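This one's a predicted model, so the numbers in the text were calculated from it and none came from an experiment. Throughout, numbering of the chain's residues begins at 1 and tracks the sequence.
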Amino acid sequence: MDMEVRISRKIFIPVYLPYLDNTKRYQIYYGGRGSGKSQFIVQKKLILNMRDVGRNTIVLRKHTTTNRYSTFSLFQQLISKYKLEQIFDINISRMEITNKINKNQIRFSGLDNPEKFKGTTFLNGNLTDVWIEEATEITKQDFTTVDLTLRGKSNIPFEIDLTFNPISNRSWIKSTFFDITSEDAEIDKNKVSILKTCYKDNPFLDNDYKQRLERLQFLDENAYAVNALGEWGTHQSIIFTNWEVKDLSIDIGDYDAVCMGMDFGFNDPSVAVLVGLKDRDIYILGELYKKHRTTEEWIEDYEIFLNENGWYRGIRIVADSAEQDRIKTFRNKGFLHCYGAEKGQGSVLNGINFLKSKRIYINSSCPYTIKEFQNYSWKVDKKTEEIIDEPVDFDNHCIDAIRYATEQWRDSKNNLGFVKLR
């Protein structure tokens with residue numbers, strides 16, 4: 001059965017349109033936040049899937065679970081938005097999208113288990129396309145594994161798309177694809193295309209986020225260059241390096257103590273993060289992250305969040321103490337263990353130093369927390385280029401919530417130690 005699908009050019013961010021028919025093996029889409037990189041790749045993969053019989057795609061991140069809340073969710077959203085349900089069958093449990101007409105498939109995997117990725121088979125044809133989202137999460141060895149997997153005879157050109165924000169100029173991505181200086185380099189530069197974009201290229205970006213990005217230039221020029229303009233950053237300014245992503249148990253009985261940190265917002269997101277403590281290490285077990293929620297709506301979201309994870313209502317909550325009315329509403333709704341954080345002079349830096357002194361494990365189901373830990377950075381003096389002992393106050397809502405949750409475990413006489421746990 002054939003079906004004609006008409007797609008308007010108006011749904012695309014104009015800067016990406018010339019890349020719809022790009023046939024380079026290595027396609028690099030990088031730059032600042034809010035530039036629409038991920039949305040374009042999803043649009044492109046859906047179109048190619050419908051157009052080319054035998055085109056099969058794997059979408060990769062470092063951890064499989066992280067895909068469910070990011071790339072897989074975005075595919076679901078756009079299939080619904082463009083009313084393509086009659087073409088695509090979505091298997092939510094398997095994270096698998098199948099074209100009902102030509103049997104092409106889109107699957108989602110992680111490089112935390114390379115053998116599982118390499119053994120993937122499809123209903124019709126072989127693997128032709130790989131999209132690596134947040135490519136800065138993976139290692140050079142991970143990439144080599146992917147690159148060697150795309151081989152054999154195919155009527156469809158093999159394609160690897162990498163999307164990322166350029167966090168550090170020491171990244172293997174920069175040395176591999178951007179700094180090609182000789183003909184005998186590992187990667188043939190004739191097989192590489194690179195597109196850099198930023199929020200200014202995205203006419204669909206909401207004004208609130210655009211203004212937040214533009215305010216960065218008054219807070220810290222380096223943060224503005226990296227986050228807004230998509231320039232390569234300096235690794236030295238990144239605050240946290242003592243963390244890793246893992247698939248964690250969410251059974252609170254497995255931890256010595258747990259606490260929910262909460263940061264309130266509206267245009268900025270409201271955030272709840274459950275933090276566990278075990279053997280003096282910090283574990284980020286789960287996150288709830290939503291914008292434009294009233295206090296009543298946020299409480300409803302929070303109750304659903306607890307129920308979905310099997311957590312009880314009596315978990316201690318430490319929230320932003322600047323929002324006393326919202327804390328009071330939580331307590332009136334039966335969350336009697338909801339308290340305000342003990343803010344004060346030096347509290348942010350003390351909290352950061354405490355977290356930097358511990359090993360931190362982040363559940364792979366927490367994409368917003370992971371993103372913040374990747375990008376949270378110190379201010380840089382624009383004249384001397386020296387790092388200032390003050391964080392850039394941008395997209396740190398999960399980290400703020402984590403600071404609130406862990407403050408009860410810090411020894412007030414020694415911010416790098418623990419209070420005695422009951």
Salt bridge between Asp147 and Arg25, side-chain N to carboxylate O under 4.0 Å?
yes
Less than 3.5 Å apart, any donor N or O on the side chain of Trp131 or Thr163 sitting next to an acceptor on the other?
yes
Answer yes if the side chains of Gln27 and Ser193 hold a donor-acceptor pair under 3.5 Å, and no otherwise.
no
So, His397 side chain and Asp268 main chain: donor-acceptor pair closer than 3.5 Å or not?
no
Residue pair Thr128 / Asn126, side-chain donor-acceptor N/O under 3.5 Å
no
How are the rings of Phe330 and Phe335 set to each other: parallel, tilted or perpendicular (split at 30° and 60°)?
tilted
N-O pairing of Glu244 and Lys62 below 4.0 Å:
no
Ser270 (side chain) donor-acceptor with Gly265 (main chain) under 3.5 angstrom:
yes
N/O donor-acceptor pair under 3.5 Å between Asp206 side chain and Tyr209 backbone:
yes
Say whether Thr145 and Asp142, considering side chains only, have a donor N or O and an acceptor N or O under 3.5 Å apart.
no
Residues Asp21 and Arg51 bridged, charged N to O under 4.0 Å:
yes
Start with the C-alpha distance between Tyr69 and Tyr289, add both sets of side-chain angles, then the distance that settles ring pair (Phe, Tyr, Trp, His ring centres under 6.0 Å), and finish with yes or no.
CA-CA 11 Å; Tyr69 305 96; Tyr289 189 104; over 10 Å; no
By the definition side chain to side chain donor-acceptor pair (under 3.5 Å), identify the one residue from Asn102, Asp129, Asn99, Asn104 that meets it with Arg55.
Asp129
Examine Phe177 together with Phe143 and report whether their ring centres are nearer than 6.0 Å.
yes
Side-chain donor-acceptor pair present, Ser70, Arg61, cut-off under 3.5 Å:
yes
Plane angle bin for Phe108 and Phe75 - parallel if under 30°, tilted between 30 and 60°, otherwise perpendicular
perpendicular
With under 30° as parallel and over 60° as perpendicular, where do the rings of Tyr376 and Phe240 fit, or are they tilted in between?
parallel
With salt bridge (Lys or Arg N to Asp or Glu O under 4.0 Å) as the criterion, how do Arg293 and Glu300 come out once you've worked through the C-alpha distance, each side chain's angles and the decisive distance to 0.1 Å?
CA-CA 10 Å; Arg293 309 301 282 171; Glu300 291 178 6; 5.6 Å; no
